[in-house]
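Atoms considered below: every heavy atom in the structure, side chains included; atoms not considered: hydrogens, waters and symmetry mates. Residue numbers begin at 1 in each chain, while the letters A, B, ... track the order of the sequences. Source: prediction; values computed, not measured.
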There are 2 protein chains.
Amino acid sequence: MSPEQPLEGAGKSLFSLQRRERLMEELRAHGAITVRAIAAKLGVSELTIRRDVNILADEGLVSRVHGGATLPSRLDRSATGARPQQHSYSIGMVVPSLDYYWPQVISGARAEAEEQNLRILVRGSAYDAADNRRQVQALLDTQNIDGLIVAPDLTGEVGQELLRWLNALPIPVVLAERRSPGENPAHRLEWVATDHAFGAGMAVRHLWQEGHRQIGCLTDSSSPTSPHVVRGWRQALAALKIPADGAVHEDSAKLPTGGRAAHFDHVLELCRTTVTTAMLVHSDTQAVAFVQHCVDRGLQVPGDMAIVGYDDEVAYLAEPAISAVRPPKQYVGKVAVQLMAARLAEGRMRPVHRIELNPELILRESSIGGPRVPAAGALQESL
Amino acid sequence: MSPEQPLEGAGKSLFSLQRRERLMEELRAHGAITVRAIAAKLGVSELTIRRDVNILADEGLVSRVHGGATLPSRLDRSATGARPQQHSYSIGMVVPSLDYYWPQVISGARAEAEEQNLRILVRGSAYDAADNRRQVQALLDTQNIDGLIVAPDLTGEVGQELLRWLNALPIPVVLAERRSPGENPAHRLEWVATDHAFGAGMAVRHLWQEGHRQIGCLTDSSSPTSPHVVRGWRQALAALKIPADGAVHEDSAKLPTGGRAAHFDHVLELCRTTVTTAMLVHSDTQAVAFVQHCVDRGLQVPGDMAIVGYDDEVAYLAEPAISAVRPPKQYVGKVAVQLMAARLAEGRMRPVHRIELNPELILRESSIGGPRVPAAGALQESL
DNA sequence: TCCGAAACGATCACACTCGAACAAATGAGA
DNA sequence: TCTCATTTGTTCGAGTGTGATCGTTTCGGA
């Protein structure tokens, strides 16, 4: 009805805004305030406070009551009527790869976004923190983003700086498949991540139950997942009282071109000397190659060498098909969007959520049936 | 602190909306209330409570009965008819206390259950694992439970056995404010818990920012929360490079009756010799008593001794009002029910979720404004 | 079925709060 | 400098929440 009433933020002096901010602070601290007390505290008239309360109540930030205001309450029926502004939000999503691992995460996120009536904008970035930040900045600048889902590299000083920067953004941020320390530079960040350590442990315990007593680990440290897999593997060994210093642990990062076959032979030699009959291989791509290599060298899989892959993109394609730990990628995306939707709907009152999801162990042929003892014999013949 | 005491009666009167909110909380926590009890608890006349009940009944939020009110029931024929749907699932909930901490958790759970159209059956149990198991068994036997939310004592061998038993139950189980190891005996259990260590750390960092350099900790190890608080306190000290071995850490469990004052004096003496100017006090009830003791001994709060309470039940009642870490109790219940609802809807395909919630730091007077240096002077006079 | 105790609600009284109307102060822009 | 829009303060009648009284209704046990 009032044609010249300015929209939010147009003509209000900083002073009144500060006062309202202060009012909200008091409200959060005490749960409720009286007009009289606040007026005295801030040194203004009660009427001014009442007007502030009315403004805040119109925005749904407080509930008006006779004599003061309280935090918004469902019992406040004036609020229930004026709340159908279910205005739909846009979420930006920046992931480090658009062809490996992340497509499924994105797919889960997209499905949930549709469900929640949210728009989602996906961008790929390089794995390094600097490019990640550029991509996020681009999204912030060009699109109208209400929230951000991101999976940056957080290692090193650059990563920590990025973490601080993300934490200070004016929009909510959810990390996917990344963890932030609860501590200070990241206390506002929420995340959802697969418990890779649990997944690795599950694989080790499965191999143990199949009768293996020496269980090795072959990883690719160029992946950010790798440290968690190694940690889970070590913890499981410790829990099963397998001495970790005698266990085979090799890494295939930074091999020279064509050096893979030689490295695999090296690994098999180590397995022979340590009587290792089972391997957990990170990245199922590598697991497929490793199984192929074993077969080529005349080893029976799983008879001479049982194998569980970590990750389940192509594991089923190998011959024999590879048992694999499958991270709940779809759910990582889905839960990330759920977190974001809830955050956007509920605002600051909602506590920070940090969610771990357990992966699943998919059993196929490469690990079923115990080791042939002595396994060392077959290994010896093959080399 | 006796719960009968009308704490709010003395000058801390509630607004009508808060009163109704409180009433609903009591109702959800206990299932039913009497006008008389609530009137006494809130320090208002019975007539006022009756009027509140009428208002809530008009909105269909409660069912009126002679002498009090209950949660809305289908048998209540005054119900507005908007209740044609049957409950989809029934959830059992067993918590270790019905008067402390847990009522708010239950309230959050009930609110969410209503939202999700679930029935929820609450039982209290003793803190020990054996009784917990009995209560769960009773629910399983007599009711038709589709899921279970439970908060058992998991320490010791008995606790581990209980964990195995819960894990093997044929219905989904969600732990509230308890963590299960990801490992084998509990791989199916989901949980939601407050990150108390983070909360304690947040308090310590706040005190550090206010200028305190020796920050002590006063706990009550009879509470299962206590170890996490101590851990967070230690970690924060380490992160801030405060030597932990010189820090004051006292526990008030198992004091002789009337020994509290003597113990507080002992604590203050320790603070004096170690130049400790700030304390994190677990259980805000104890924090209130401690603040009172400091004031009685002539110490300025926060000038001579800054105090942050852990937990926020009565912290605001102290003089000066106490800054406190507030666990998101309502959300613990709410998220537990959300987990259960999603599990019941999606079945085994859904990965196991494990959720940590961050508490919030409510800043009040007892910790704002740095220490007066040298603080030792005032302490010395007081002893 | 009856009876006593308790709970209930209509009414009034009181204290306090609310908001409209108007006035004064402040700041921005012509 | 003036003017106009905005914000803040004052006054006062209307409105609201609460409690006390008291007659009526409801409950539960004999």
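- Using a 4.0 Å heavy-atom cutoff across all strands shown, A:V53 reaches no nucleic acid atom at all.
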Considering only nitrogen or oxygen atoms on both sides, find all protein atoms under 3.5 Å from nucleotides 24-30 of chain D and state each distance.
none

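- Atom pair B:I33:CD1 and C:dA7:C1' shows a separation of 15 Å (rounding to whole Å applied).
- Between the side chains of B:T194 and B:E177, at least one donor-acceptor pair of N or O atoms lies under 3.5 Å.
- With hydrogens and angles disregarded, a donor-acceptor distance shorter than 3.5 Å links the side chain of A:H353 to the backbone of A:P351.
- Residues B:T225 and B:H282 have side chains that never bring a donor and an acceptor to within less than 3.5 angstrom of each other.
- At D:dT18, one or more side-chain N or O atoms of B:R19 fall inside 4.0 Å of OP1 or OP2 (strictly under the cut-off).
- Using modelled atom types, one side-chain atom of B:Q18 and one backbone atom of B:F15 make a donor-acceptor pair closer than 3.5 Å.
- Between the side chains of B:Y100 and B:D311, at least one donor N or O sits under 3.5 Å from an acceptor N or O.
- Rounded to whole angstrom, the span from the CZ atom of A:R51 across to the C1' atom of C:dT17 amounts to 15 Å.
- Applying a 4.0 Å cut-off to non-hydrogen atoms, the residues of residues 39-47 of chain A that approach DNA chain D are A:V44, A:S45, A:L47, listed by residue number.
- Here D:dT18 presents its P atom at 15 Å from CD1 of B:I38, a figure rounded to the nearest Å.
- Separating the CZ atom of B:R64 from the P atom of C:dC8 is a distance of 7 Å, rounded to the nearest angstrom.
- Of the candidate nucleotides D:dT8, C:dG9, C:dG19, C:dG19 has the atom lying nearest to any side-chain atom of A:R50.
- For B:T48 and D:dT18, the shortest distance from a side-chain N or O to OP1 or OP2 is not below 4.0 Å.
- Between the CD1 atom of B:I49 and the C1' atom of C:dG9 there is a distance of 16 Å, rounded to whole Å.
- The closest donor-acceptor contact from the side chain of A:R188 to the backbone of A:L169 lies under 3.5 Å.
- Of the possible polar contacts, one joining the A:T142 side chain to the A:A138 backbone as a donor-acceptor pair under 3.5 Å is found.
- When only modelled atom types and interatomic distance are considered, B:H196 and B:Y310 share a side-chain donor-acceptor pair under 3.5 Å.
- Within the 4.0 Å cut-off from OP1 or OP2 of C:dT17, at least one side-chain nitrogen or oxygen of A:R36 is found.
- Between B:D52 atom CG and C:dG9 atom P there is a gap of 13 Å when expressed in whole angstrom units.
- When atom types are taken as modelled, the side chain of B:S88 and the backbone of B:L118 share no donor-acceptor pair closer than 3.5 angstrom.
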